[in-house]
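One-based numbering, in listed order, for ligands and for the atoms of each. Note that these values count all heavy atoms, side chains included, but never hydrogens, waters or copies made by symmetry.
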Amino acid sequence: MSLLGTGILKGLGVTLKHFVATYVEDFKYIGKKAGLEPRPLRRQNPANHGMVTIEYPKERIVMPENFRYIPFLVKDSATGEDKCTSCGICPKVCPPQCIWIVRTEDPVTKRPVPAPKEFNIDATVCMNCGFCAEFCPFDAIKMDHEYEIASTGNRTRELLFDKEHLSKMDTYHASIHPLDWAREVEEKKAEAARKKAAAEAKAAADARKAAAAAAAKPPADAK
Ligand code: SF4
Ligand code: SF4
């Protein structure tokens, strides 16, 4: 389909929509000036549709949910712990190989513990592709909306984000990705219902087995 140029046409359609919306907003603004319509907007405003100039950094455009910038690690607000199990999938799928993880180790058994001891992303290399978030089986890494990361000093050091820098609460995730969060909540509910049904089915099967065993046992006075 893309060979037929439908993607280009779709993109041009979006640009045209914004172009037209700019003039619609202008007419609304004139209407407000003339007292015809209670528009609380000034002419150029981030809340307007269309192409606007905003007074950055005093104002900021609210990013759409699917905007992607350097990923962050999600902390479970119920436990305060990172959801990451250091499974190692995201470093494998990361195209420019900019994720480094060190697994936690049990100090006694020396066996790996499902939690990251270190988690680093080189923000100078990350290309914001979102593969890490897409492939994570634990919803433990998500793409951020925070784009103001310019370094003010040592670029190499400041833009190498460690676990402390990368970890953010799931409430933050819910605020910037409401649809994704709602999907997660629904999936968790469905999983809990599935586990409950399986446990109930097992308990019923065990009860039937116990009843059958009791019925098969000869009465004590039959000996
Ligand atoms: S963020 Fe997800 S994919 Fe990456 S190591 Fe942690 S659990 Fe695995
Ligand atoms: S967004 Fe892409 S490039 Fe950046 S860390 Fe994730 S997988 Fe790697």
Side-chain angles (χ1 to χ4, degrees), residues 2 7 11 14 60-195:
S2 60
V14 172
R60 284 170 175 79
I61 290 177
V62 177
M63 290 295 139
E65 172 156 359
N66 286 337
F67 176 81
R68 300 193 305 254
Y69 207 55
I70 313 290
F72 65 97
L73 289 174
V74 185
K75 265 181 189 278
D76 188 339
S77 51
T79 61
E81 299 291 332
D82 283 309
K83 287 186 179 178
C84 175
T85 61
S86 66
C87 69
I89 289 176
C90 58
K92 281 203 181 83
V93 299
C94 174
Q97 299 283 287
C98 63
I99 304 178
W100 291 274
I101 301 179
V102 178
R103 264 193 153 180
T104 307
E105 204 175 61
D106 186 291
V108 181
T109 62
K110 303 291 177 203
R111 290 172 71 87
V113 173
K117 184 176 167 202
E118 288 176 34
F119 198 113
N120 303 294
I121 294 180
D122 188 340
T124 62
V125 177
C126 173
M127 59 187 201
N128 315 309
C129 64
F131 275 21
C132 49
E134 207 168 307
F135 281 88
C136 175
F138 301 98
D139 282 320
I141 188 165
K142 298 287 174 184
M143 300 309 290
D144 209 343
H145 284 185
E146 178 56 62
Y147 54 84
E148 291 164 313
I149 63 162
S151 167
T152 51
N154 186 331
R155 210 174 111 95
T156 317
R157 186 172 288 277
E158 284 179 15
L159 296 179
L160 185 60
F161 294 167
D162 62 11
K163 188 159 80 90
E164 198 184 341
H165 182 112
L166 291 168
S167 294
K168 296 185 179 179
M169 279 297 170
D170 53 10
T171 43
Y172 172 72
H173 169 225
S175 71
I176 64 167
H177 293 140
L179 295 178
D180 190 35
W181 177 254
R183 174 196 58 79
E184 276 185 34
V185 170
E186 284 310 310
E187 279 180 4
K188 272 187 202 152
K189 272 192 206 158
E191 177 66 8
R194 193 191 59 73
K195 279 188 180 160

Any idea which atoms of ligand 1 are less than 4.0 Å away from a heavy-atom of F138? 7 (S)
Shortest non-hydrogen contact from D139 toward R183: OD1-NH2, 3.3 Å
Report, in ascending order of atom number, the atoms of ligand 1 lying under 4.0 Å from any heavy atom of S86. 5 (S), 6 (Fe)
Under 4.0 Å between a side-chain nitrogen and a carboxylate oxygen: does that hold for E186 and K189? yes
Shortest non-hydrogen pair, A115 vs S86, comes out as O-OG, 3.4 Å
Any heavy atom of M143 closer to ligand 2 than 4.0 angstrom? yes
Contact partition for P116 relative to ligand 1, non-hydrogen atoms under 4.0 Å: neither
How does I101 reach ligand 1, by side chain, by backbone, by both or by neither, if only non-hydrogen atoms under 4.0 Å count? side chain
Report, in ascending order of atom number, the atoms of ligand 1 lying under 4.0 Å from any heavy atom of G88. 5 (S), 8 (Fe)
Counting each atom of ligand 1 from 1 as listed, which ones have a heavy atom of I141 under 4.0 Å away? 1 (S)
Do me a favour and list the nearest non-hydrogen protein atom to atom 6 (Fe) of ligand 2 with residue, atom name and distance? C132 SG, 2.4 Å
Heavy atoms only: give me the nearest D122-T124 pair and the separation to one decimal. OD1-OG1, 2.5 Å
T85 heavy atoms within 4.0 Å reach ligand 1 at atoms 6 (Fe), 7 (S)
Quick check for you: to the nearest 0.5 Å, what is the distance between C87 atom SG and I101 atom CD1? 7.0 Å
Answer with side chain, backbone, both or neither: which part of A133 has a heavy atom less than 4.0 angstrom from an atom of ligand 2? neither
Between the side chain of D170 and the main-chain N/O of S77, is any donor-acceptor distance below 3.5 Å? yes
Check ligand 2 against C98 and write out every atom of the ligand that is under 4.0 Å from a heavy-atom position of the residue. 5 (S), 8 (Fe)
Can an N, O or S atom be found in C90 less than 2.8 Å away from atom 6 (Fe) of ligand 1? no
Show me which atoms of ligand 1 lie under 4.0 Å from any heavy atom of C87. 3 (S), 5 (S), 7 (S), 8 (Fe)
Nearest heavy-atom approach of F72 to M143 is CE2-O, 3.6 Å
